[in-house]
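Quick notes on the structure that follows.
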Number of protein chains: 2
Amino acid sequence: MNPGKVSPKVTSGRSAGSNLHRKLAQSIGNQILSGVYAPGAILPNEADWCRIYGASRTTVREAVKTLTAKGLLKSRTKIGSRVEPRENWNILDRDVLAWHMASMNPQEFFASVQEVRKILEPEIAALAALNRTPQQLRAITEAFEDMRKARPGRSSVVPDVRFHLALLAAANNVLLSPFGIMIEAALTNMFEFTSTHNAEPDMFIPKHEGILKAVARGNANAARKAALSLLTDTDQTIAQVPIKARKARKAKS
Amino acid sequence: MNPGKVSPKVTSGRSAGSNLHRKLAQSIGNQILSGVYAPGAILPNEADWCRIYGASRTTVREAVKTLTAKGLLKSRTKIGSRVEPRENWNILDRDVLAWHMASMNPQEFFASVQEVRKILEPEIAALAALNRTPQQLRAITEAFEDMRKARPGRSSVVPDVRFHLALLAAANNVLLSPFGIMIEAALTNMFEFTSTHNAEPDMFIPKHEGILKAVARGNANAARKAALSLLTDTDQTIAQVPIKARKARKAKS
DNA sequence: AATCCTTATTTGTATGACAATTCGGCATGA
DNA sequence: TCATGCCGAATTGTCATACAAATAAGGATT
């Protein structure tokens, strides 16, 4: 994975980073997330990166700054750049999450996602029921309508995402907003592996409608319950794909 | 070039950004978070920043790249840099959260934090009870012991933070790890405003012990309940404290 | 053995130049 | 009037080079 010339791996060209420093950041980021450089390891220095990618030092440094800002790196004079411990990584950053997904077993990833979603989304729905503004309710409603109108399939994913993001926004707590990225990634990519939107629209729409109605009439408990129900439902759809047990992270003792 | 001509506002010189591009990023970041530049607004261009801070374009660009990586900005040729909508901000980034706190009403901030903590920490405790490794349990235990040993006061905050972070790590779900930053910020700064650690160590220690024991014997429900109890307890402590306006930490230069 | 100093390596900052992108207006034409 | 396409100017993107600053490592001195 380390050819002498241009870009080892410009994988997952999502979100179109046409800029060179962006491409470098993606490439290096992918290598870190995929374990080529483990936490604590010292990365090649700037001059090395210049040679590896055939880019100028300015560009390399901008890429490094980007990764540093996302918590993946830390640079020190005379030492070089060292990979930060995982708990400092900004995993809910759009790019970092993408790199993470690219180097992970999908089932394992969706297991983590669903775990978090089951914790958060019911409470998000409850908060939305309590705190939503009329405008936010309208946004949720519109997303729902578009969802219902859409034919099952790829296109129905978009309003589905919009629905959940609108719900999140309606919870009116900034500290929860980073999860928008996760939800978006989950719904969008789940489509690639499952056929949620094809399989059971008959289940799907009413469940969402249940959330909407509960939020509309400000019933937190009902909203919570409806959201949880949707999630467990999604779980079953996922479960059709062979599930692998959670990997116990190991260390020994 | 222009020595001594540093910045409109190099406030909250936290975490020692000795580097110039870091200082610029902090300064600009603070301005964005405090609303000087609202989402959608177009920032001064690179040449302007150079003049404003008396720094080279290289440095300015690295600062801008940092902010871009944190989701605060987006640069386009011929347009300049535009502030991104809030939902794209990486609010759980260490720096962004600090800037956010610096420009916010403390009560409001702690209200948001507690809301999220009450949602997450009980579930984190429950997950920890189920998924912890022996090593992770030991880390939690050690933090607890240090907490008990410490005299109430500032020093007891450190092991307290360690306790909660160890718990978080023991939940073994990467997607939750960004909240470590939030928990850390909450506990550390809460000390500045409340006297949690002075006021009721008699309450405090047993509550933590309850969580520890539940996690130790793998009882998820008990862990959840204990964690929630600690949180509602903390709520009361906060409520007692008359809020004084936060004093911006000042750095001069 | 301990301390201090020198040196080498690596990141940090500055400068000037040119490339690439694209917005905005202008000209042209239907 | 409106649409289309071209041109020029503003701004970010990339490059090359030079020097400054920090500091780890090893050697010199005591």
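For the numbers below, each heavy atom of this structure counts, side chains included, while hydrogens, waters and symmetry mates do not. Bear in mind the structure is a predicted one, so any value in this text is a computation, not a measurement. Quick note on labels: first sequence line is chain A, next is B, and so on, each numbered from 1.
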Problem - Value in whole Å for how far the C1' atom of C:dT10 lies from CD1 of A:I42 - result: 11 Å
Problem - Side-chain (A:N172) to main-chain (A:N131) donor-acceptor, under 3.5 angstrom - result: yes
Handout entry: Electrostatic pair B:R162:B:E142 at N-O distance under 4.0 angstrom
Key = no
Problem - Under-4.0 Å salt bridge between A:K65 and A:E62 - result: no
Exercise for the section: Please report the shortest heavy-atom distance between B:L33 and B:S103, naming the atom on each side. Expected result: O-OG, 3.3 Å
Handout entry: Whole angstrom value for the distance that separates P of C:dT11 from CH2 of A:W49
Key = 11 Å
Handout entry: Nucleotide D:dT12, atom P - distance to NZ of B:K74 in whole Å
Key = 16 Å
Exercise for the section: Rounded off to whole Å, could you give me the CG-to-C1' distance for the B:L43 and D:dT12 pair? Expected result: 13 Å
Completion exercise
Protein heavy-atom contacts under 4.0 Å, written 5' to 3' over nucleotides 6-11 of chain D as B (base), S (sugar-phosphate only) or - (none), form the string ---BBB
Practice task
Would you mind reading off the distance between A:L24 atom CG and D:dG13 atom P, rounded to a whole angstrom?
Solution key: 14 Å
Practice task
Test for a donor-acceptor pair under 3.5 Å between the base of C:dG16 and the side chain of B:R57, counting only N and O atoms.
Solution key: no
Practice task
Whole angstrom is fine here: how far is it from CZ in B:R82 over to C1' in C:dC23?
Solution key: 12 Å
Practice task
May I ask you to evaluate whether A:H21 reaches the phosphate of D:dT14, defined as a side-chain N or O under 4.0 Å from OP1 or OP2?
Solution key: yes
Exercise for the section: Round to a whole Å and report the spacing from CD of A:E62 to C1' of D:dG13. Expected result: 8 Å
Exercise for the section: Check whether any side-chain nitrogen or oxygen of B:R61 sits under 4.0 Å from OP1 or OP2 of D:dG13, and answer yes or no. Expected result: yes
Practice task
Round to the nearest Å and state the distance from B:L20 atom CG to C:dT15 atom P.
Solution key: 12 Å
Practice task
Mind checking side-chain contact (heavy atoms from CB on, under 4.5 Å) for A:I183 and listing every partner two or more places apart, or none if nothing turns up?
Solution key: A:E121, A:H164, A:L187
Exercise for the section: Looking at every strand, decide which applies to B:K65 at a 4.0 Å heavy-atom threshold: base, sugar-phosphate, or nothing. Expected result: sugar-phosphate
Handout entry: B:I140 versus B:A170, closest heavy-atom pair with distance
Key = CD1-CB, 3.9 Å
Exercise for the section: Kindly assign one of parallel, tilted or perpendicular to the pair A:F179 and B:F179, based on the angle between their ring planes and the thresholds 30° and 60°. Expected result: parallel
Exercise for the section: Classify the side chain of B:T58 versus the base of C:dT15 as yes if they form a donor-acceptor pair under 3.5 Å and no if they do not. Expected result: yes
